[in-house]
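Worksheet: the structure to be examined is printed underneath.
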Amino acid sequence: MLHIDQLTLQLPYYRRWWQRDWATCFENISLTILPGEVHAIVGASGAGKSLLAYTILGLLPEGAKTNGQLFFQSEPLTPARQQRLRGRELALIPQSLNALDPLARSQRQVSWAALRAGQPKATAWQSAHQALTHYQLDEHAQRAFPHELSGGMARRVLTAMAHVSHANLIIADEPSVGLDPQQRDRVLMALKALADQGKAVILITHDLRHALPIADNVTIMRQGLCVETTTTAAFQGHGDALHSGYAKALWHALPDNAFTSPIIMNALEEPSVA
Amino acid sequence: MRVTQWLAFRLLRLGLVLLCVATLSFGLVMLSPIDPVDAYLGPQMAQVSPEQRAIIAHRWGFDTPPAAQFGHWLRQLLSGDLGWSHIYNRPVSEVIGERFYRSIALLGSAWLLSALVGFVLGVMAGAKEGSLLDRLISAYAYITASTPTFWLGILGLLLFSVYLGWTPVCCAGPTGTLSQDVSTLTRLHHLALPVATLTLLGIANITLHTRSRMVALMRSDIATHAFAQGASRFDVAWRQGLRHASLPALTLAFASLGELFGGSILIEQVFAYPGLGQATVEAGLRSDVPLLLGIALFTALFVSVGNLIADTLYRLVDPRIGQTSS
C-alpha cells in the first residue's frame with residue numbers, strides 16, 4: 001500500500017542569521033507497508049519517527065527538503081496528491097491530546113473530520129455518532145468538551161476521527177503514551193482492528209514491548225537511520241534472529257528479558273531533530 | 001441556580017468597586033487645591049466678605065469633618081441626587097444624560113465598526129501568516145496603532161472639511177440652529193468624519209490581537225491535526241479560528257466600553273463635538289466638582305459593566321472558563 005524508497009529529510013536552520021545550514025532528520029529510509037498490516041516504527045525520542053509521519057502526509061514546514069520517493073497504492077505520492085488524499089486515504093492519529101479543539105464538543109469534531117473526508121453534511125453528524133459509539137464513547141462523552149474527557153477517552157476520540165475518514169493508511173503517532181495498561185490495550189486493540197479490516201496501520205512508538213503483540217513487522221530507527229526491519233517473530237528468546245546490535249540491545253533491555261543495557265557502540269554524531 | 005449565584009456575586013463586587021471609586025475620587029477632590037466656595041462664586045469672589053463665605057461654608061457643611069461630608073454625599077448619591085453643576089447651571093444627572101446621548105452616537109458607532117472590521121481583518125491576516133494580505137493588514141495596523149488620534153483628526157479636517165469641503169468643520173449640528181431643529185441626516189453628516197477617524201484608529205488594536213491569536217492557532221497542534229484531516233486554511237479559520245480569535249477581541253472590545261462613556265476627549269476637542277469628553281475637560285478646568293465626580297462614577301460603572309459582559313460572553317465561548325469541578 002505504501003512504499004518508501006530511500007527517503008531523506010533535511011530541515012533548514014540558521015547557524016548565524018546569514019548562514020543557512022541543513023539538519024538531516026532522517027536518511028535513506030526504505031519501507032514497504034502492506035494492507036492489513038500493523039507496522040511498528042520503534043525508536044528513541046529524536047529518531048525522526050514523527051517527522052517521517054509528517055513527510056508521508058505532506059505536513060512539513062515550508063523550506064523542508066526531501067529526497068527519495070513515496071509511493072501510495074503504486075502511484076507516486078506527490079505533494080498535490082498528498083493534499084488530495086489527506087483525510088480521505090491518509091489519516092493521522094496525532095501524538096498530542098492538544099490536537100483536539102478545546103472549544104468544540106467531541107461529536108462536533110468527529111463530524112468535522114467526516115465533512116473534511118468528503119462526506120455530505122446530512123450524514124456527517126450521524127456517522128460521527130456511529131464512530132464514537134464504535135469506540136465505546138457514550139452520549140455523555142459525545143457531548144463533552146475535550147477537557148472533560150479522560151486521557152483514554154480523548155485518545156479514542158482521536159481514533160474515531162481517523163476511523164470516520166475511512167482512510168486506508170492510518171498513522172498512529174505514540175497513541176499509548178500516558179495511558180494506564182487497560183486504556184493502552186484498548187487503544188492498541190482498536191488499531192489492530194483497523195488493520196484487520198484491511199487497512200494499513202503505521203504505529204509509531206518508543207514502547208517496543210507493547211507494540212509487539214499487535215504488530216506484524218517492526219522497524220527500529222535510531223538517530224534518523226533505519227537500523228533494522230524485521231518480522232515480530234524475530235523478537236524471541238535471546239533475540240538471535242535480530243541482525244543489528246542496537247535491536248538486540250533494545251530487546252535485551254526489556255524487563256521481561258535480561259533487563260540489561262550494554263553500552264551501545266558507535267554513537268552517531270549527526271544532528272537530529274525530534 | 002449557579003448562574004444566579006454567580007450574577008449576585010458579580011453585582012455585589014460591582015457595588016464594592018463603585019464604592020471604592022467613590023471613596024477614592026472623593027478623597028482626591030478633598031486633597032485638591034479646589035476651594036468649592038471660590039469655584040461657586042467665580043468672578044464675584046472679590047465682592048464677598050469672609051463672614052459671608054463662612055456662612056456659605058457652614059450651610060454646605062464644610063466645617064464638618066471629611067468623613068461626615070463623605071457620608072452626606074454618599075446618602076445623596078444613593079437617593080439619586082448627583083448634585084448641581086454650576087458651570088452648566090443644571091443638575092449633574094441632566095448634563096451627563098444629554099452629553100452621553102450625544103457621545104453614544106459618536107463613540108457607539110465607532111466602537112461597533114472598529115470591533116467588527118478589526119476582528120474580520122485580524123482573522124484574515126492571521127489565517128495565513130506572512131502572506132501578502134497579512135503583510136498589508138499588519139502594516140496598516142502598526143501604522144495606525146502608532147498614530148495620535150488628534151493628529152489624524154486634524155489631517156481629516158484639513159482634507160475633507162477645509163480643502164474638499166465635504167464635511168462640516170465642527171460641532172454636532174450647524175451653528176446657530178436649535179438642537180431639536182437639526183434633522184437626522186444633518187446629524188449623520190456631522191458625525192461622519194469623527195466616526196471615521198475613531199474607527200480607522202480603533203481597528204488597529206483589535207486587528208493586532210485577533211491576528212496574533214489566529215497565528216498561534218494556525219501553528220498549534222489543533223491546526224496541524226485539521227490539516228491532516230484534509231482541511232484547507234479557510235476551513236480551519238472558519239470552523240475553528242473564529243471561535244478562538246473571538247476571545248481576545250471580546251476582551252478588548254468590552255474593556256474599551258468605558259471609553260464610550262468617558263468620551264474620546266481628544267477627538268471631541270478637535271471636532272468641537274459637544275460630548276462627554278468635552279464636558280469632562282470643562283469640569284476639570286473650571287472646578288465643577290459635582291460634575292467631575294459624577295462623570296468619574298459613571299465611567300467606572302461603564303468599565304465594570306463592560307468587563308462583566310465580556311466575562312459572561314467568555315463563558316459562552318470557552319467552556320473551560322467558569323466551570324467548577326463537579
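All chains are named by letter (A, B, ...) in the order of the sequence lines, taking the proteins before the strands, and each is independently numbered beginning at 1. Scope of the values below: all heavy atoms of this structure, side chains included, with no hydrogens, waters or symmetry mates.
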Can you give me the closest heavy-atom contact between [X] and [Y], atom names plus distance?
X        : Y        : answer
A/Asn98  : B/Ile222 : O-CG1, 3.2 Å
A/Ser96  : B/Asp221 : OG-OD2, 3.2 Å
A/Leu59  : B/Ala228 : CD1-CB, 3.6 Å
B/His225 : A/Leu92  : NE2-O, 4.0 Å

Looking at [X], I want to see if its [atom1] is surrounded by more than 12 non-hydrogen atoms of other residues, nucleotides or ligands under 6.0 Å.
X        : atom1 : answer
A/Gln83  : CD    : no
A/Lys192 : NZ    : yes
B/Tyr142 : OH    : no

For the interface with chain B, which of [options] has the highest count of heavy-atom pairs at distances below 4.5 Å?
options                              : result
A/Ala162, A/Pro94, A/Pro146          : A/Pro94
A/Gly87, A/Ser165, A/Ala99, A/Ala167 : A/Ala99
A/Arg86, A/Arg105, A/Gln95           : A/Arg86
A/Ala113, A/Ala91, A/Pro102, A/Gly58 : A/Pro102

List the steps, then state whether side-chain contact (heavy atoms from CB on, under 4.5 Å) holds for A/Leu57 with B/Phe227. CA-CA 9 Å; A/Leu57 289 162; B/Phe227 295 142; over 6 Å; no
Point-to-point distance, once rounded to the nearest 0.5 Å, from CZ of A/Arg108 to CD of B/Gln240: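 The distance works out to 11.5 Å.
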Taking side chain as everything from C-beta outward and backbone as N, CA, C, O, which of these in B/Ala223 sits under 4.5 Å from a heavy atom of chain A? Side chain, backbone, both or neither.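 The answer is neither part of B/Ala223.
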Chain B contact via [X] - which portion, at a heavy-atom distance below 4.5 Å:
X        : result
A/Leu158 : side chain
A/Leu115 : side chain
A/Ala104 : neither
A/Leu100 : backbone

Any donor-acceptor pair under 3.5 Å linking the side-chain atoms of A/Asp101 with those of B/His244?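 Distance-only check passes for B/His244 and A/Asp101.
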Is any side-chain heavy atom of [X] less than 4.5 Å from a side-chain heavy atom of [Y]?
X        : Y        : answer
A/Trp112 : B/Asp235 : no
A/His147 : B/Pro319 : yes
B/Arg239 : A/Arg116 : yes

